[in-house]
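For reference, the structure discussed in these notes is given below.
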Amino acid sequence: KAGVTQTPRYLIKTRGQQVTLSCSPISGHRSVSWYQQTPGQGLQFLFEYFSETQRNKGNFPGRFSGRQFSNSRSEMNVSTLELGDSALYLCASSLQVQETQYFGPGTRLLVL
Amino acid sequence: KQEVTQIPAALSVPEGENLVLNCSFTDSAIYNLQWFRQDPGKGLTSLLLIQSSQREQTSGRLNASLDKSSGRSTLYIAASQPGDSATYLCAVHSGGYNKLIFGAGTRLAVHP
């Protein structure tokens with residue numbers, strides 16, 4: 001079974017631009033979560049989607065948004081990029097709540 | 001508010017040693033605890049998941065224990081190898097659907 005895939009793997013943007021990241025979960029998994037990883041803050045939860053509904057959101061500004069499609073693929077969008085948004089963005093999927101979460105390789109975003 | 005702490009932050013050991021990584025959490029009301037491994041610049045690899053009703057889980061040379069009442073978990077690695085060098089992260093699932101709260105990690109270096 002293929003693992004969680006994320007595209008693109010690397011991105012370079014400038015301040016003020018917007019960016020869209022994509023995540024394809026493991027086949028059959030309906031829960032998709034997003035995390036931001038930075039050297040200073042570590043891994044922080046962004047949001048989680050299940051069957052196209054956002055069930056939980058972390059403490060991030062409204063510039064961070066996401067959605068999930070009927071095939072469980074998910075996208076996250078960051079508008080008006082700031083230098084502090086430079087990070088590794090990780091996506092995870094699981095079959096059910098409280099089960100093992102499987103992470104993708106991440107998208108490394110650099111904001112200049 | 002759930003907080004997760006990992007000690008030590010870094011560890012360097014010679015090959016063949018048995019070692020213990022520690023994880024503590026402030027709120028004992030958890031659903032499960034998951035241990036991950038992260039290689040530099042990569043995503044997270046799930047190692048072990050312990051449900052709140054379990055005391056320990058084993059996979060090969062890895063053994064994870066959970067003491068919910070004291071808010072502690074340990075990851076025991078037997079007969080360490082250079083290939084075990086990575087950052088080890090623990091994460092607790094304490095509500096909010098699939099939201100994981102991560103510790104800052106223990107950076108492990110196993111030298112030949």
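Not measured: the values here are computed from a predicted model. Chain identifiers are assigned alphabetically (A, B, ...) following the order of the sequence lines, protein sequences preceding nucleic acid strands; residue numbering begins at 1 within each chain.
By the criterion of side-chain heavy atoms lying less than 4.5 angstrom apart, applied directly or through intervening Ile, Leu, Val, Met, Phe, Trp or Tyr residues, B:Ile77 is grouped together with B:Leu33 in one hydrophobic cluster. Hydrophobic clustering of Ile, Leu, Val, Met, Phe, Trp and Tyr side chains at less than 4.5 Å, counting indirect connections, unites A:Val32 with A:Tyr89. A:Phe45 and A:Phe60 sit in two unconnected hydrophobic clusters of ILVMFWY residues. Membership requires side-chain heavy atoms under 4.5 Å apart, directly or through other members. Residues B:Leu21 and B:Ile101 share a hydrophobic cluster, clusters being chains of Ile/Leu/Val/Met/Phe/Trp/Tyr side chains in contact below 4.5 Å. Transitive grouping of hydrophobic side chains (ILVMFWY, heavy atoms separated by less than 4.5 Å) brings B:Phe25 and B:Trp35 into a common cluster.
A:Leu90 and B:Gln38 make their closest contact through CD1-NE2, 4.4 Å (heavy atoms, listed as atom of the first residue, atom of the second, distance).
Proximity to chain B (any heavy atom under 4.5 Å) is shown, for A:Gln44, by neither the backbone nor the side chain. In this structure, chain A has a heavy atom under 4.5 Å from the side chain of B:Leu89, while its backbone stays farther away.
Interface with chain A: from residues 42-76 of chain B, residues B:Lys42, B:Gly43, B:Leu44, B:Ser46, B:Leu49, B:Gln51 qualify, criterion being any non-hydrogen pair under 4.5 Å. Using a 4.5 Å cut-off between non-hydrogen atoms, the part of residues 99-112 of chain A that approaches chain B consists of A:Glu99, A:Thr100, A:Gln101, A:Phe103, A:Gly104, A:Pro105, A:Arg108.
The closest side-chain donor-acceptor pair between A:Ser94 and B:Asn98 falls under 3.5 angstrom.
Heavy-atom contacts from other residues, nucleotides or ligands closer than 6.0 Å to CG of A:Asn59 number 12 or fewer. For A:Arg9, the CZ atom counts as densely surrounded, since its 6.0 Å shell holds more than 12 non-hydrogen atoms of other residues, nucleotides or ligands.
To the nearest 0.5 angstrom, B:Phe102 atom CZ is 5.5 Å from A:Tyr35 atom OH.
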